[in-house]
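Below you'll find the structure, written out as structure tokens, and then a few comments.
Labels below follow one simple rule: chain letters A, B, ... track the order of the sequence lines, proteins then strands, and each chain is numbered from 1. Since we're looking at a predicted model, the values are computed, not measured.
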There are 2 protein chains.
Amino acid sequence: MTPQTIKVACSNCNLRELCMPVGLNDEQLQRIDEAVAVRRKVKRGGTLFRNGEAFTSLFAIRTGFFKTCLTTEDGRDQVTGFQMAGEIIGLDGIVNDHHSCDAVALEDAEVCVMPFDRLEELSREFTALQHHVHKIMSREIVREHGVMLLLGSMRAEERLAAFLLNLVQRLHARGFSQSELILRMTREEIGSYLGLKLETVSRTFSKFVEEGIIEVKQRHVRILDVEALRSIVNNQQNCH
Amino acid sequence: MTPQTIKVACSNCNLRELCMPVGLNDEQLQRIDEAVAVRRKVKRGGTLFRNGEAFTSLFAIRTGFFKTCLTTEDGRDQVTGFQMAGEIIGLDGIVNDHHSCDAVALEDAEVCVMPFDRLEELSREFTALQHHVHKIMSREIVREHGVMLLLGSMRAEERLAAFLLNLVQRLHARGFSQSELILRMTREEIGSYLGLKLETVSRTFSKFVEEGIIEVKQRHVRILDVEALRSIVNNQQNCH
DNA sequence: CGGTCTTTTGAGGCACATCAAATCACGTGG
DNA sequence: CCACGTGATTTGATGTGCCTCAAAAGACCG
């Protein structure tokens with residue numbers, strides 16, 4: 001079961017601005033190309049890495065959509081994030097040289113393999129790359145702060161509204177529509193991420209539809225009233 | 001209102017093994033001493049940094065106890081963590097050059113100021129330091145995964161049990177008792193961190209006391225039955 | 001076209017929130 | 001040193017948002 005691999009080059013990658021720092025010269029880019037020489041395909045439902053596996057590389061998502069999730073022995077399951085093209089996955093593995101969660105492809109995907117020891121070497125040479133790595137990790141920390149706020153203080157409608165806004169904003173940054181999106185994950189996975197049961201997710205979708213805020217046809221969602229979603233998230237009624 | 005500052009040296013700091021990598025030689029340690037040359041005192045209730053402030057430095061806690069929290073315009077408030085001696089605070093600021101949360105001292109505290117640009121310079125020179133910085137950030141990411149699991153899938157008793165076990169474990173690693181601890185935060189702050197209301201925290205404490213699992217006298221907690229706490233966290237009854 | 005997985009919707013229950021009040025701890029100033 | 005005010009904590013009564021259980025409909029796939 002060897003992973004499928006392909007030759008690759010960051011220097012001519014259209015996602016470069018998402019996963020690489022700006023301000024690198026050609027020579028530096030070529031050095032990075034040598035380090036990030038391998039791509040890997042993951043079929044839908046397949047895992048990029050699993051909890052407990054040795055950590056060697058970070059992965060830059062080129063195409064496809066992933067979830068990361070924790071699974072504990074006692075049967076708890078928590079989706080910790082959804083990742084799309086241009087995002088970096090695998091940061092959890094650095095601290096203990098082993099991954100501490102699973103990364104599962106929600107659709108056929110392709111990632112660039114970035115061996116972490118090579119990345120550290122290059123970081124020591126290129127200040128811009130070093131700072132970029134730091135920023136990526138810091139961004140993930142800040143993102144997780146936001147999820148903690150969501151899980152700790154929001155009600156179901158607020159959580160789902162925030163979730164939709166976040167997804168559509170990230171998709172828009174990648175050139176997709178501001179108002180339409182296709183959910184790559186099930187209601188159950190959304191629920192796990194948001195700390196809700198799948199029935200609650202489904203009911204909340206239905207409520208939004210009734211209120212004319214969104215249209216839902218299966219996994220296809222069209223946002224009719226962004227402002228309504230925003231005002232649900234920035235709810236005034238919880239500051240009493 | 002200039003912060004109080006003092007000269008400092010990592011090389012003879014008894015917390016070094018907590019916040020610095022092992023395997024540095026004397027020359028390297030001295031270089032770090034020059035970079036981390038300043039300490040800062042924060043009075044109880046004071047802030048080390050606030051949301052929106054420019055980011056310049058990471059802080060290593062020398063003494064005292066902090067909370068970090070998000071506060072949104074709409075009145076939401078979320079404690080994202082509690083930090084104690086030897087822990088690094090401020091990582092959230094790297095990505096946007098501005099802090100995105102508040103760090104508040106819950107008791108009189110003293111921190112070592114580590115200018116981040118100096119830290120990046122030294123990281124380029126000392127592989128061990130570079131890797132250490134990466135590990136610290138990865139550790140924070142993994143910690144937050146755990147909080148997401150807690151907030152997303154645990155019931156009140158499980159959350160509080162996990163919280164107590166985590167606190168006492170960290171205190172024990174610093175030479176304190178395995179079974180006794182003093183809470184530096186209010187019930188409300190615990191509740192905010194755990195996604196619960198302060199009344200629920202108080203009731204759950206009372207329940208644990210009734211069951212003979214802990215003793216509580218104000219902020220002083222004595223753990224009588226660690227195994228009971230562990231089995232509450234590793235609950236079998238939620239895998240049906 | 002049958003089987004499986006996903007999603008929706010309903011009915012009822014429960015864990016936690018909310019509201020309220022009393023007690024307690026603590027710091028301050030008389 | 002005590003009285004007082006303030007904030008923290010506990011406890012009770014009640015409400016409700018989400019969960020649980022259940023069933024049916026719908027989508028997808030071999």
Side-chain angles (χ1 to χ4, degrees), chain A residues 43-45 67 75-79 104 106-108 150-161 163 182-211 214-221 232 235 237-240, chain B residues 43-45 67 75-79 104 106-108 150-161 163 182-211 214-221 232 235 237-240:
Chain A
K43 281 244 166 287
R44 176 177 164 186
K67 70 169 176 180
R76 258 188 258 276
D77 200 81
Q78 175 72 31
V79 173
V104 180
L106 297 181
E107 58 181 358
D108 291 358
L150 180 145
L151 291 173
S153 79
M154 291 190 185
R155 295 176 313 101
E157 291 174 41
E158 299 165 347
R159 294 184 197 192
L160 191 63
F163 171 73
I182 292 174
L183 301 171
R184 301 300 177 179
M185 68 296 280
T186 67
R187 303 288 190 263
E188 184 167 23
E189 286 161 337
I190 296 173
S192 172
Y193 182 59
L194 298 179
L196 301 170
K197 292 293 155 184
L198 68 97
E199 295 96 328
T200 304
V201 173
S202 175
R203 271 183 246 271
T204 309
F205 268 126
S206 300
K207 183 149 188 287
F208 286 172
V209 171
E210 279 171 35
E211 292 170 346
I214 60 176
E215 272 177 16
V216 177
K217 203 174 289 178
Q218 309 301 125
R219 306 264 178 112
H220 190 111
V221 176
I232 287 171
N235 204 334
Q237 81 202 30
N238 29 355
C239 51
H240 31 188
Chain B
K43 280 243 168 288
R44 178 180 163 181
K67 70 169 176 181
R76 258 188 258 276
D77 200 82
Q78 177 72 31
V79 173
V104 180
L106 297 181
E107 58 180 358
D108 291 358
L150 180 145
L151 290 172
S153 79
M154 291 191 186
R155 295 177 311 102
E157 289 174 40
E158 299 165 346
R159 294 184 196 192
L160 191 63
F163 172 73
I182 292 175
L183 302 170
R184 301 300 177 180
M185 69 297 277
T186 67
R187 302 288 190 264
E188 184 166 24
E189 285 161 337
I190 296 172
S192 172
Y193 182 60
L194 298 180
L196 301 170
K197 293 293 156 183
L198 68 97
E199 296 95 326
T200 304
V201 173
S202 176
R203 270 184 248 270
T204 309
F205 268 126
S206 300
K207 183 148 186 290
F208 286 172
V209 170
E210 277 171 37
E211 291 170 346
I214 60 175
E215 272 178 16
V216 177
K217 203 174 287 178
Q218 308 301 126
R219 307 268 178 109
H220 190 110
V221 176
I232 287 172
N235 205 335
Q237 79 199 34
N238 29 354
C239 49
H240 35 182

Given atom [atom1] of [X] and atom [atom2] of [N], what is their separation to the nearest angstrom?
X      : N      : atom1 : atom2 : value
B:R44  : C:dG27 : CZ    : P     : 8 Å
B:L151 : C:dC16 : CG    : P     : 13 Å
A:K207 : C:dT8  : NZ    : C1'   : 17 Å
A:R76  : D:dC19 : CZ    : P     : 15 Å
A:R155 : D:dC18 : CZ    : C1'   : 11 Å
A:L194 : D:dG17 : CG    : P     : 18 Å
A:L160 : D:dG17 : CG    : P     : 17 Å
A:L183 : D:dC28 : CG    : P     : 13 Å

Looking at A:R76 and B:S153, what are the two nearest heavy atoms and their distance?
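Taking every non-hydrogen atom into account, CD-OG, 2.8 Å.
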
Do you know which two heavy atoms are closest between A:G45 and A:V104, and how far apart they sit?
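Where A:G45 meets A:V104 most closely, the heavy atoms are O-CG1, 3.9 Å.
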
Angle of first-five versus last-five pair axes in the helix from C:dC1-D:dG30 to C:dG30-D:dC1, to 10 degrees
40°

Check the pair A:L183 / A:F205 against side chain to side chain contact (heavy atoms under 4.5 Å, CB included), numbers first and verdict last.
CA-CA 12 Å; A:L183 301 171; A:F205 268 126; 3.8 Å; yes

What donor-acceptor contacts under 3.5 angstrom involve side-chain atoms of residues 191-203 of chain B, with partners at least two apart or in another chain?
from   : atom 1 : to     : atom 2 : distance (Å)
B:S192 : OG     : B:V79  : N      : 2.9
B:Y193 : OH     : B:R143 : NH1    : 3.2

Checking [X] now: which residues fulfil salt bridge (Lys or Arg N to Asp or Glu O under 4.0 Å) with it, not counting sequence neighbours?
X      : value
B:D108 : B:K43
A:E157 : A:K207
B:R187 : none

Please say whether more than 12 non-hydrogen atoms of neighbouring residues, nucleotides or ligands are located less than 6.0 Å from CZ in A:R219.
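More than 12 heavy atoms, drawn from other residues, nucleotides or ligands, come within 6.0 Å of this atom.
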
For B:I232 and B:L160: C-alpha separation, side-chain torsions, deciding distance, then whether side chain to side chain contact (heavy atoms under 4.5 Å, CB included) applies.
CA-CA 9 Å; B:I232 287 172; B:L160 191 63; over 6 Å; no

Each nucleotide in nucleotides 5-12 of chain D should get exactly one letter: B, S or -. Can you fill that in based on protein heavy atoms under 4.0 Å?
---SSBBB

Is A:G191 touching bases, backbone alone, or none of the nucleic acid, heavy atoms closer than 4.0 Å?
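No contact at all - A:G191 keeps every heavy atom at 4.0 Å or more from the nucleic acid.
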
